[in-house]
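Heads up, the thing below is written out as structure tokens.
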Amino acid sequence: MGTRTAHLDIRGMSCANCSRTVGEAVEALDGVSDATVNFATDEGTVEYDPEKVSLRDIYDAISESGYEAISETRTIGISGMSCANCADANQKSLESVSGVIDADVNFATDEANVTYNPADVRLDDLYQAVADAGYSPIREGDDGGDGDESGEDARDVARNEEIRRQKRLTLFGAGLSVPLLAMLVVELFTSTGLPEVIPGVGIPIGWLGFALATPVQVVLGREFYVNSYKAVVKNRTANMDVLIAMGSSTAYFYSVAVLVGVLAGSLYFDTAALILVFITLGNYLEARSKGQASEALRTLLELEADTATLVGDDGNEREVPLDEVAVGDRMKVRPGEKIPTDGVVIDGDSAVDESMVTGESVPVSKEPGDEVVGSTVNQNGVLVVEATNVGSETAIQQIVSLVKEAQGRQPDIQNLADRISAYFVPVVIVNALFWGAVWFLFPETLAGVIQSLPVWGLVAGGPAAAGGAVSTFEFAVVVFASAVLIACPCALGLATPAATMVGTAIGARNGVLFKGGDILERVKDVETVVFDKTGTLTKGEMTLTDVVAFGPAADGSGVVTADDETLDEDAVLRYAASAERNSEHPLARAIVDGADARGLDLVEPTDFENVPGHGVCATVDGTTVLVGNRKLLSDNGINPEPAEDALRDLEDDGKTAMLVAVGGELAGVVADADEVKSSAADAVSALRERGINVHMITGDNERTARAVARQVGIDPANVSAGVLPEDKADAVESLQTDGTNVMMVGDGVNDAPALAAAFVGTALGSGTDVAIEAADVTLMRDDPQDVVKAIRISAGTLAKIKQNLFWALGYNTAMIPLASLGLLQPVFAAGAMAFSSVSVLTNSLLFRTYTPDHDYKLLDSLRR
């Protein structure tokens, strides 16, 4: 293949040391002959031997050195693929392009996901690679003659055109084959059989069969012959088209030879035609099923608004197309209208139906300052929304992008099917030739063996079955045609990607986004789930829960009197909240909000001082007020001991308690708490019922952490408290040292290192920021129950894949021996092969009705 040169754009370099680090990391790879990196231009040039090192290895080396080489990912629609071997041929052709990092071709979606170096690869290079493989790329801007559509629309146009084309071919072939089928029925089920000549015409009946079968062979068979040539000659492989072409042409040309007198025997024009009709019918039904499987994404995109009503600074309103909305524009959204883009509510109050994005059926209340997601539906009030994300940056577009990426990345179980498919067709051809030769050489011996089988009498086989009318050569030809037709690997190639398409779409419909089909497969193997506490099991918002007022007496009775003022609970809270007014700490904001909710009249503090890690000191109404922990009071000469019982009780309940001192005297205690989510306990219970071990990790103190764990049902022994964000990844890795598969569930920002370290990283409640790089699974809602849904969807999808593989492999296991032993006619073999692919797709489509509120059961799917 020779040496290649890659020109890379590299981000993150700031000095010569950076460029030297990158260069040394790349040159350390076996197969790299030279690496030149220039930090001034942020560029690098690498010469390498692709036989020894891949471009992916070079990119990984740069990433591991702490920098980033620029790459792009493009989805390309491909038409003309008929099986997994076709996808493999396209993948090899794309990966052979210099500058392509990775290519993943999905036969079920008729698409290729290609990651490449934009400095070395043009889009036309990728299109040409597909064309060189013998298939048709769907170019961006192609519109099928129906307007200026995007590449996404072009793929839909191409898919719909393919459905229509297969339908036309099926109807054409069926129209000519009906008389052939009628002739076959007469021949098989009447005592007289067919006349030798056409009555009233005098032409031999065989020529009528030839006249009917030949157009079918030319029109329907053409694409199979062309694709077979491309597969064998261009790609040096054999695919489904090769088997169909061999089976149909064998029956047709044998019949022609008999008709013109070169050979003696029966005519099989009906078989040759019906083979192509059945296969084409199967292709038509398959194309329709593929369209239905990908319909979820199209439906999601159709949820977008077509226009937006912009509100100008002068208050005037104007309606514009959605693609003219820019970040910062203000949009008016009336009741019943879709919110055009992601944004923030500027004015108005309403409830918004977010079910199409999050799966949550209950409308969510929105007021000024709240974020809204594009394509969700405003329910009752008028909202003015300022656009924050537009175009491809909106949540719904990112969801579609993630789901499409997930459908392109296949589960590891697909590797088994791919390996089988790669060798399947050649083995089938060898098997067919072998049994054809054996039947020709030893017909009586084999016929005797078959007649002793239990199936004898149900299906006749062997030359003797026709009372000697069928020659041994003729029967060998029949066996060969049947054996190649029955064993097409279409069903095997569709088993995994079809179910993956449906599984990822179910996830998107329920607010669960898998980064890839491999992730979808991996989630079901999770053995331990580790929850971050704040914002995951709890709401992540501190609220005031308790106010305790007490005096300085040892027994805690009495009240404090400062400047002749008796301090009850409201007075203690008023002093604490006034002192905290200038603090931005979440605990302080909760105290202030709690005082406002009680209608207390707060004052502006003077001499405010924030004591990091301990609390605040301020002057309120001329009196010194301290709000903080034990050390803050002790450092100011105030004994916190009388408050110990109250502090312990509050902390045991998972609350954060703060002492309040007024005028140098201990006045009381205020407590905040991060409330546990209502569904957290149910989520933990459901996970434990599945046999999954549940842990919690937090930076909070031990007592608070254990209190939360107690509320949600987590074993105290599985609680890690006081863990800093940078140490969470180490905690996750320690759980995985014995091979345990750990899912880390966090907020996707502070927990990014832990998410990346886990077997599966799950970002919970990430709202409109759906593209968190560190997470393998992104959950659109703040509900811990969605972790259970993700596991159920994964398990359900893999169950469906295994069902598909069982039927596909079982079908071939049962049918190939029957065909090889002469127990199956070619026309029935063709019909059975077409049915196998359709049945696998139908089985996958049945999964669309599954809802992850319960575990997937095979019985449930059959009942539906």
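Numbers here are sequence positions counted from 1.
The shortest distance between side-chain heavy atoms of Val502 and Thr797 does not fall below 4.5 Å. By the 4.5 Å heavy-atom criterion applied to side chains, Leu8 and Ile70 are not counted as neighbours. Under the 4.5 Å side-chain criterion, counting only non-hydrogen atoms from C-beta, Arg56 is in contact with Asp60. At least one side-chain heavy atom of Thr21 sits under 4.5 Å from a side-chain heavy atom of Tyr67. In this structure, Asn106 and Thr500 have side chains that are not in contact, with every pair of non-hydrogen atoms separated by 4.5 Å or more. Considering only heavy atoms from C-beta on, Glu27 comes within 4.5 Å of Asp34 through its side chain. Between Asp120 and Ser98, the closest side-chain pair of non-hydrogen atoms is not below 4.5 Å. Contact check for Val760 versus Asn741: no side-chain heavy atoms found under the 4.5 Å cut-off.
Remark: Leu798 CG to Leu520 CG distance equals 6.5 Å, nearest 0.5 Å. Between atom CG of residue Asp329 and atom OG1 of residue Thr341 there is a gap of 8.5 Å, rounded to the nearest 0.5 Å. Glu111 CD to Ile138 CD1: the interatomic distance, rounded to the nearest 0.5 Å, is 8.0 Å. Atom CZ in Phe514 sits 8.5 Å away from atom OG1 in Thr504 (nearest 0.5 Å). Put simply, CZ on Arg509 and CD1 on Ile793 are 8.5 Å apart, with the number rounded to the nearest 0.5 Å. Here the straight-line distance linking atom OG1 of Thr115 with atom CG of Asp102 works out to 5.5 Å at 0.5 Å rounding.
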Trace of the side-chain contact (heavy atoms from CB on, under 4.5 Å) decision for Met81 with Val105: CA-CA 10 Å; Met81 294 193 294; Val105 182; 3.7 Å; yes
Test side-chain contact (heavy atoms from CB on, under 4.5 Å) on Tyr116 and Leu126; report intermediate values, then the result. CA-CA 10 Å; Tyr116 59 94; Leu126 304 180; 3.9 Å; yes
Working for side-chain contact (heavy atoms from CB on, under 4.5 Å), residues Thr388 and Glu371: CA-CA 9 Å; Thr388 55; Glu371 292 184 346; over 6 Å; no
Starting from the C-alpha separation in whole Å, work towards a yes-or-no answer on side-chain contact (heavy atoms from CB on, under 4.5 Å) for Glu223 and Val226. CA-CA 5 Å; Glu223 69 174 282; Val226 171; 5.6 Å; no
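For Ser136 against Val130, the heavy-atom pair with the smallest separation is C-CG1, 4.1 Å. Thr740 and Leu735 make their closest contact through CB-O, 3.4 Å (heavy atoms, listed as atom of the first residue, atom of the second, distance). Nearest heavy atoms, Leu94 versus Ala129: CD2-CB, 3.8 Å. Counting all heavy atoms, side chain and backbone alike, Ala131 lies closest to Pro137 at N-CD, 4.3 Å. Summarising the geometry of Val512 relative to Val777, their closest heavy-atom pair is CG1-CG1, 4.0 Å, with the distance given to 0.1 Å. Taking all atoms of both residues into account, the shortest heavy-atom contact from Ile697 to Met744 is CG2-CE, 4.0 Å.
Between the Asp786 side chain and the Leu779 main chain, no donor and acceptor come within less than 3.5 Å of each other. Side-chain atoms of Gln736 come within 3.5 Å of backbone N or O of Ala757 as a donor-acceptor pair. No side-chain donor-acceptor contact under 3.5 Å links Thr496 to the backbone of Ile801. No donor-acceptor distance shorter than 3.5 angstrom exists from the side chain of Thr75 to the backbone of Asn113, with no hydrogens or angles considered. Using a distance-only test at 3.5 Å, with no hydrogens or angles considered, no donor-acceptor pair links the side chain of Glu43 to the main chain of Asn38. Asp42 places no side-chain N or O within 3.5 Å of a backbone atom of Asp9 that could act as its donor or acceptor partner. Proximity of a side-chain donor or acceptor of Asn90 to a complementary backbone N or O of Ala87 within less than 3.5 Å is not detected. Looking only at distances, no side-chain donor or acceptor of Ser63 sits under 3.5 Å from a matching main-chain atom of Tyr59. Under a 3.5 Å cut-off, the side chain of Ser228 and the backbone N or O of Asp241 do form a donor-acceptor pair. Thr536 contributes no side-chain N or O that, together with a main-chain N or O of Phe531, makes up a donor-acceptor pair within less than 3.5 Å.
With Phe759 as the aromatic partner, Arg522 meets the cation-pi criteria of under 6.0 angstrom to the ring centre and within 45 degrees of the ring axis.
For Arg122, the salt bridge (Lys or Arg N to Asp or Glu O under 4.0 Å) partners at least two apart in sequence or on another chain are Asp125.
Asn804 and Ser844 form a side-chain donor-acceptor contact under 3.5 Å, judged by distance and modelled atom types alone. Looking at Asp124 and Gln128, their side chains never bring a donor and an acceptor atom within 3.5 Å of each other.
Annotation: Lys92, atom NZ; neighbour count of heavy atoms from other residues, nucleotides and ligands within 6.0 Å does not exceed 12.
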